[in-house]
Amino acid sequence: MSFDLSQLTGISIAYLLFLFGCAWVTEKGWIPERIIAHPMTYVLSLGVYAGAWAFFGTIGLAHQFGFVFLAYYLGICGAYLLAPVLLSPILRITRTYQLGSLADIFAFRFRSTWAGTLTTIFMLLAALPLLALQIQAVADTIHIMTMESSQERLAFGFCLIIMLFAMAFGTRHIATREKHHGLVFAIAMESVIKLVAMLIIGGVILFEVFDGPQGLQQWLDINAEVLTSLHAPLQDGPWRTLLLMFFASAVVMPHMFHMAFNENLNPRHLNAASWGLPLFLLLMSISAPLILWGGLRLETSAVPEYFILGIGLAMESPALSIIAYVGGMSAASGLTIVTTLALSAMIMNHLVLPVYQPPTNINIYRWLKWTKRLLIAAIILTSYGFYRLLKAQQDLTNLAIVAFVATLQFLPGVLATLYWPQANRKGFICGLVTGMTVWFVTMLIPLTGNLDVIDLYWLQISLTSNTWHWATLTSLAANIIVFILVSMASPISREEENAAEACSVQNLDRPSRRTVSATSPKEFQERLSQPLGTYTAQREVAQALNDLKMSINERRPYALRRLRDRLEANLSGLMGPSVAQEILNRWLPYEEQADAYITEDINFMENRLEDYHYRLTGLAAELDSLRRYHRRTLQNLPMAVCSLGRDGEILMWNLAMEHTTGISGNNTVGSRFDSIDEPWRSLLGTFVNDSSRHQHKQKLTISGQPHWFNLHKATISESKAETEQGLVILLEDLTDTQMLEEKLVHSERLASIGRLAAGVAHEIGNPLTGVDCLAQELRTLSDDQDTREVAEQILDQTKRISRILHSLINFAHSGQTSDSLTIEPVSLYQCSNEATSLLSLRKDNRGIRFVNNCDPDLLVTGDPQKLTQVIINLLSNARDASPKNSVVTINTIAWEHSITLEITDNGSGIPEHIRDRLFEPFFTTKEAGKGTGLGLALVYSIIEEHFGTITIQSPVDEDSHSGTRFSISLPRHMADLNQTTLEPSPAHRDMEAV
């Protein structure tokens, strides 16, 4: 049975159109997002690992090496089972620094353009046999099914269609950050197709060829040598070497690297892949022994590698043959597409752009896209040319082993990137060149020269025997030995040390705190427009700002460092790390430190530790908890604290500092003092530059109000012998204390004035008595009526002066402290009169009149001097609060056991939010210097001494919301109480509640 070439052509075109359709509908958004982002889609896309060799070649491998063929599946399964220590760190590096290939990682880790360039060249050489294998598998399949010799032309057509697909769906996005959802979904569908094809063929063989498991067991019992041949190679075969090769392929193969890391939507998907991919490969491998045994049972004419096709032809089953053909094409096309896509990016970033960069007057993104498409075409055509060079005279196993051994040479570099910080570029390059040279001489030359044996005098290599694995071990051993020796013999640069820390498995990423030469994102755009063009520079800076959630007006050194790092990562994803590093180092360099001072970026370390702490365990977790505790302690200290590095950058700004200065820590940390607002810039900046460790009572005017601060600073260093690493500054707010001191001084000054006034009043009393006597004598002895009238006026004025002096003396005495309270009947009417007399002495009364409506017959029990002082304080406050030419009234209300004194003004009232604080010492709403804040506190204290109460009603007039009434309730004098019992007037019955 055979097929027409036109039939296979139609089937091939239909399948590839189906592939196009899957990618197209995905890019159009017709596939639900939950399916695209599902972990199983990612796991199935990793099935690209199972290329044409998995579909065809593993059968030949099983025939040649028995169960050793399982190493092809077990090796990569082992790598994914070790995902937390191997794949997850690589994924973190690629996502953080936008690294899209193994060449990018090596260029970044070893800070060497040559590392990326050599990796790209050697990877391209290693991939040629692998791509030729896919093309040869398709060509051989066509030849077996059609028995025609024109399979090369259809294979070339296959290459062209694959080329168009890779160009259309593999280059839709240039940057590494952007994922190719259509490509991933199409590759996942291909994995499903080849898995289903393998399972169907295995099932048909089991139940049609062997009539079920029982028939298979009978056949194996009869042909016991078949099982023996499967087990024999495990005793002395090269299965360990194969296991190592396929283990490495999980990372070093370009198609696996691209699908595992570049197209990963969620790091957690690796957890699903650690069991999902082994399950997928297990299902793929189940049918391999059945296909081998079925081919032997049917005695097909095909070689073991193509038993899967020969069985369908031998059974004369067109459906089974087509299923095998489509499955093989699916395996070959998926691997070819992804490998060429990955290689094109490597060649672009490490061979093209380092030599030629596009002009700035064109759209760089479009230029990169079309250049990448041309590279895809060139790679596929080169692979087809390599296939024609081999003339289909090598079996698939030879091609696969040559490719896998070549990529194995990159495994030492991968492990060194993660686990050996002392590795350097010289060691890596020398080791890689040595290993690839051995591979080239012992494996690639015999392959392309169609040599079965190559004689190196001391070693004979045969590609058709088991001795090929000695070439593998020799090349890998030479690579590792040279890598280690050269790395240990040569120094590692500072840049490599930083990159090694960034790539380390235990990385906490401790970048240096250096200053970028540009001072704003706008300047970033201006400088980058020279190498990238205006449009590209604006777009990349805007993208980086958006990634970091920063403003275009950002100027903090810390933020500018983060912006530069993000730009370098984004440009790495666009143009490769070598070109990105060169552009940033040339156009956005760090400033040279005059004293070679470079320290770690504490702010960035803090942020990274916060993100990383949930992964810490054991002692590391305890230390991190201690760090976080001390950090919270500093942040919540009641004293304002900030710290800064030696270069003047602010490293910490605690909550008390935020409250004191009104400046947010989020906007301050990472900046310098010259960028914060006044007056703090001058205060703190001057203190930092001052040689003194302490400054006391520094006065600042903030929002028109005076404030006082003490400043202290201390040096930060790890030990006394080391130089200064930074400063910690403490800001102590003395404003309340200073105001209290000033009020106390003012109160003492007023008390001194009161005592002086009392003394003056006493001294005035003596001459005043003489004047009074003379006036009385003049009035008595004089016969002149006018003279007697003048004497009478003199007597009236001397009486008035006497009353004033008496009030002053009484008020002065009331301020003196005594151990006991003077208890006697007190007339509130007389106390009010004395108070109004004293207050009327003030020249500037603004026309305020005091109306005393107190009942002269009502008496309370208390100290008259202190009660007079209470009334004076309340009347003084009422006068100050009242508008011009208004009236302040004083009333009394008699109750059964108490008397209430009411003082009412027509002022603006007292706001509710300060009403409860009126009686606090030193609380005042008056301007500075016009009140001590002690008057009402003293009133409250005196009323409590008299077992009375004081209440406030404000406003008095609800309509105009004006006026305030102070009501003082005092115990009524018992003698007065015995004489009469009065009832309050109806107008005042409700006042008791107030």
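Predicted, not measured: the structure shown is a model, and the values here were computed from it.
For the pair Arg564 (side chain) and Val516 (backbone), a donor-acceptor distance under 3.5 Å is absent. A side-chain donor-acceptor contact under 3.5 Å links Asp104 to the backbone of Gly100. A donor-acceptor pair under 3.5 Å is absent between the side-chain atoms of Thr371 and the main chain of Leu368, judged by distance alone. Here the side chain of Thr96 pairs no donor or acceptor atom with the backbone of Ile93 at under 3.5 angstrom. Side chain of Thr113 to main chain of Ser578: no donor-acceptor pair is present (N/O by atom type, distance under 3.5 Å, no hydrogens or angles). Judged purely by atom type and a 3.5 angstrom limit, Arg109 has no side-chain atom pairing as donor or acceptor with the backbone of Cys503. With hydrogens and angles disregarded, no donor-acceptor distance shorter than 3.5 Å links the side chain of Asp690 to the backbone of Thr686.
Under the side-chain contact (heavy atoms from CB on, under 4.5 Å) rule, Phe428 has a single partner from Thr119, Thr417, Leu118, which is Thr119. Of the candidates Glu501, Lys426, Arg425, Glu496 forms a side-chain contact (heavy atoms from CB on, under 4.5 Å) with just one, namely Arg425. Under the side chain to side chain donor-acceptor pair (under 3.5 Å) rule, Glu263 has a single partner from Lys179, His269, His180, which is His180.
Open room surrounds CH2 on Trp114; 12 or fewer heavy atoms of other groups in view lie less than 6.0 Å from it. The environment of CZ in Arg681 is crowded: more than 12 heavy-atom neighbours from other residues, nucleotides or ligands sit within 6.0 Å. Counting heavy-atom neighbours within 6.0 Å of His696 NE2, excluding the residue itself, gives a total above 12. More than 12 non-hydrogen atoms from other residues, nucleotides or ligands lie less than 6.0 angstrom from OH of Tyr356.
A salt bridge does not link Glu526 to Lys522: none of the charged side-chain nitrogens sits closer than 4.0 Å to a carboxylate oxygen. We find that Lys697 and Glu732 are not joined by a salt bridge, their nearest charged nitrogen and carboxylate oxygen being 4.0 Å or further apart.
Rounding to the nearest 0.5 Å gives a distance of 10.5 Å between CZ of Phe110 and CD1 of Ile105. From Met123, atom CE reaches atom CG of Leu102 across 5.0 Å, with rounding to the nearest 0.5 Å.
Residues meeting the side chain to side chain contact (heavy atoms under 4.5 Å, CB included) test with Glu497, sequence neighbours left out: Ile492, Arg494.
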Open item on the list: Under the criterion side-chain contact (heavy atoms from CB on, under 4.5 Å), I'd like the reasoning laid out for Met259 against Tyr42: C-alpha separation, chi angles, the key distance, then a yes or no.
Closed with: CA-CA 8 Å; Met259 297 307 300; Tyr42 173 72; over 6 Å; no
Open item on the list: Between Glu582 and Arg586, is the salt bridge (Lys or Arg N to Asp or Glu O under 4.0 Å) condition met? List the steps.
Closed with: CA-CA 6 Å; Glu582 180 183 353; Arg586 179 178 179 185; 5.7 Å; no
Task: Stepwise side-chain contact (heavy atoms from CB on, under 4.5 Å) check, Val641 with Leu730 - done: CA-CA 5 Å; Val641 180; Leu730 281 73; 4.2 Å; yes
Task: Full working for side-chain contact (heavy atoms from CB on, under 4.5 Å) between Leu375 and Trp370 - done: CA-CA 9 Å; Leu375 290 173; Trp370 280 102; over 6 Å; no
TODO: Start with the C-alpha gap between Gln635 and Met652, add the side-chain angles, then the distance that decides, and say whether side-chain contact (heavy atoms from CB on, under 4.5 Å) holds.
DONE: CA-CA 8 Å; Gln635 284 292 334; Met652 187 193 69; 3.8 Å; yes
- [ ] Under the side chain to side chain donor-acceptor pair (under 3.5 Å) rule, what do Ser682 and Glu678 come out as? Steps first, then yes or no, please.
- [x] CA-CA 7 Å; Ser682 299; Glu678 290 288 3; 2.9 Å; yes
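A perpendicular orientation is assigned to the rings of His694 and His712, their planes being inclined by more than 60° (bins at 30° and 60°). Ring geometry for Phe106 against Phe410 counts as parallel: the plane angle stays under 30°, on a 0 to 90° scale with 60° as the upper cut.
Side-chain atoms of Tyr535 and Asn363 include no donor-acceptor pair closer than 3.5 Å. Judged purely by distance below 3.5 Å, without hydrogens or angles, the side chains of Asp733 and Thr660 never pair a donor atom with an acceptor atom. For the 3.5 Å distance criterion, the side chains of Arg268 and Ser88 fail to qualify, holding no donor opposite an acceptor. A donor and an acceptor atom, one from each side chain of Asp547 and Gln543, are located under 3.5 Å apart. A donor and an acceptor atom, one from each side chain of Glu554 and Ser551, are nowhere located under 3.5 Å apart. Arg527 and Ser517 form a side-chain donor-acceptor contact under 3.5 Å, judged by distance and modelled atom types alone.
Within the 4.5 Å cutoff, no side-chain heavy atoms of Val85 are placed close to those of Leu418. The side-chain heavy atoms of Arg693 and Thr715, taken from C-beta on, include a pair separated by under 4.5 Å. Residues Gln98 and Glu568 fail the side-chain proximity criterion, which asks for heavy atoms closer than 4.5 Å. Using a 4.5 Å heavy-atom threshold, the side chains of Val579 and Leu571 count as separate. The closest side-chain heavy-atom distance from Asn264 to Arg95 is below 4.5 Å.
For the pair Arg111 and Phe108, the distance from NZ or CZ to the six-membered ring centre is under 6.0 Å and the angle to the ring normal is within 45 degrees.
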